[in-house]
Amino acid sequence: MASSQIQGSFESSLSIQELAKAPILAIPQRYVQEDQEPSILASGTSLPTIPFIDMKCLIPGEAKDYELEKLHSTCKEWGIFQLVNHGVSSSLVEKLKYEIEEFYNLPLEEKMRYKLRPGDVEGYGQTMLNSQAQKVEWADRDTLESYFSELQKIAMTLLGLMGKALKIEKREVEEMFEDGMQSVRITYYPPCPQPELAVGLRPHSDATGITILLQVNSVEGFEVKKDGVWIPVNILPEAFVVNVGDIMEILSNGVYKSIEHRAVVNRVKERISLAMFFNPKFQAEVGPAGSLINPQNPPLFKRVGMEKYVKDFFTHKLKGKSFIEQMRIKIGEDSPT
Ligand SMILES: O=C(O)CCC(=O)C(=O)O
Ligand SMILES: [Fe+2]
């Protein structure tokens with residue numbers, strides 16, 4: 001994994017950040033999306049909360065059985081959790097958060113010095129979700145590099161433990177994710193005078209192995225769809241949110257579930273998040289783990305090379321879990337292995 005390139009992109013929009021600075025009362029028509037599903041209200045009954053997993057109890061080699069079991073059941077039932085005691089120093093995380101916020105506070109002219117130009121792989125500007133990932137180059141390089149390398153270790157540990165809990169042969173998980181691809185997306189959501197009419201980030205599951213999300217400035221807006229209902233997630237400032245991605249759902253042959261999530265916007269506050277995506281290498285194959293498949297447990301998903309998987313993803317319109325659905329083997333269709 002160490003040799004792989006770190007990539008990232010800004011899902012920020014220059015125009016929308018500037019637009020939000022002007023005191024407007026209504027959002028321009030092109031940002032209006034009326035068909036949004038409502039979130040559950042935090043009144044009376046208490047909200048369901050996504051589970052917490054304690055990294056200290058998951059130390060490789062001596063993972064406590066109950067915590068491994070909790071990780072397993074959480075990945076089956078939720079596909080998401082808040083990771084606490086993750087071991088990344090709080091001074092590093094705070095420094096990173098500070099530098100990212102400082103960047104967005106720069107005057108526009110300053111930010112434009114980092115503007116993305118066609119063909120560039122790093123910089124500031126608007127990128128679509130399904131466009132080529134971009135490399136980041138604006139914050140203190142050392143802070144980012146340190147953060148990324150810490151997160152790679154955590155991701156490999158979690159992927160290994162998930163494989164163990166699923167009883168997938170260790171070799172299979174390693175072959176898939178070692179020297180894998182990582183990418184980063186930093187998203188800036190400006191305050192919005194009509195939050196109920198605008199979409200921060202539309203509902204989707206991540207097409208990844210796993211995703212580790214950092215909420216940069218403690219403003220809430222992250223929501224997950226559980227049992228058909230949108231639940232706001234109160235992310236602890238010291239926690240990371242770990243998402244099971246579609247690749248993990250496929251690898252586990254449907255035992256683990258990737259979860260649909262979205263970002264809503266806030267009437268008065270801006271929000272920033274940093275998502276780091278962990279994926280197999282291009283040479284790997286995406287498909288159910290061979291060690292899980294037998295006549296009683298036939299493959300539920302097709303098998304494709306990672307390169308094709310990525311290509312298909314970039315040409316697919318992001319919508320809920322529709323991408324992984326097209327990987328599912330339909331009844332009557334033979335597994336193409
Ligand atoms: O901004 C967020 O909280 C969610 C980001 C996300 O889901 C993503 O980047 O895939
Ligand atoms: Fe996501």
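Keep in mind it's a predicted model, so treat the numbers as computed, not measured. Just the heavy atoms: all of them, side chains too, but no hydrogens, waters or symmetry mates, feed the values below. One-based numbering, in listed order, for ligands and for the atoms of each.
Between the Glu67 side chain and the Leu58 main chain, no donor and acceptor come within less than 3.5 Å of each other. Of the possible polar contacts, none joining the Arg328 side chain to the Phe301 backbone as a donor-acceptor pair under 3.5 Å is found.
Not a single heavy atom of Gln215 sits closer than 4.0 Å to an atom of ligand 1.
In summary, the aromatic rings of Phe323 and Phe313 are positioned with their centroids under 6.0 Å apart.
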Let me have the donor-acceptor pairs involving side chains of residues 226-244, under 3.5 Å, with sequence neighbours excluded, atom names and distances please.
from, atom 1, to, atom 2, distance (Å)
Lys226, NZ, Glu77, O, 3.0
Trp230, NE1, Glu37, OE1, 3.3

Verify side chain to side chain contact (heavy atoms under 4.5 Å, CB included) between Leu92 and Leu96, making sure each step is shown before the conclusion. CA-CA 6 Å; Leu92 175 62; Leu96 179 68; 5.6 Å; no
Does the salt bridge (Lys or Arg N to Asp or Glu O under 4.0 Å) test come out yes or no for Arg262 and Glu223, once each step is laid out? CA-CA 5 Å; Arg262 69 180 180 187; Glu223 299 193 342; 2.8 Å; yes
For side chain to side chain contact (heavy atoms under 4.5 Å, CB included), just list the numbers for Lys97 and Leu214, CA-CA rounded to whole Å, side-chain angles, deciding distance to a tenth of an Å, and then say yes or no. CA-CA 9 Å; Lys97 288 179 174 176; Leu214 174 71; 3.8 Å; yes
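Annotation for ligand 1: atoms under 4.0 Å from non-hydrogen atoms of Arg271 are 1 (O), 2 (C), 3 (O). Close contacts between ligand 1 and Ala275 involve ligand atoms 9 (O) [criterion: under 4.0 Å to a heavy atom]. Listed by number with element, the atoms of ligand 1 under 4.0 angstrom from any heavy atom of His261 are 7 (O). Residue His204 approaches ligand 1 through these ligand atoms, each under 4.0 Å from one of its heavy atoms: 6 (C), 7 (O), 8 (C), 10 (O). Interface atoms of ligand 1 facing Ser273, defined by a heavy-atom separation under 4.0 Å, are 1 (O), 2 (C), 3 (O). Each of the following atoms of ligand 1 lies closer than 4.0 Å to a heavy atom of Leu201: 5 (C), 6 (C), 7 (O), 8 (C), 9 (O).
When side chains are defined from C-beta on, Met156 counts as touching Glu178, because their heavy atoms get closer than 4.5 Å. The shortest distance between side-chain heavy atoms of Phe278 and Gln152 falls below 4.5 Å.
Only the side chain of Asp206 comes within contact range of ligand 1, with a heavy atom under 4.0 Å; no backbone atom does.
For Lys225, the NZ atom is densely surrounded, since the number of other residues' heavy atoms within 6.0 Å is greater than 12.
Under 2.8 Å from the Fe ion (ligand 2), one finds the following protein N/O/S atoms: His204 NE2, Asp206 OD1, His261 NE2.
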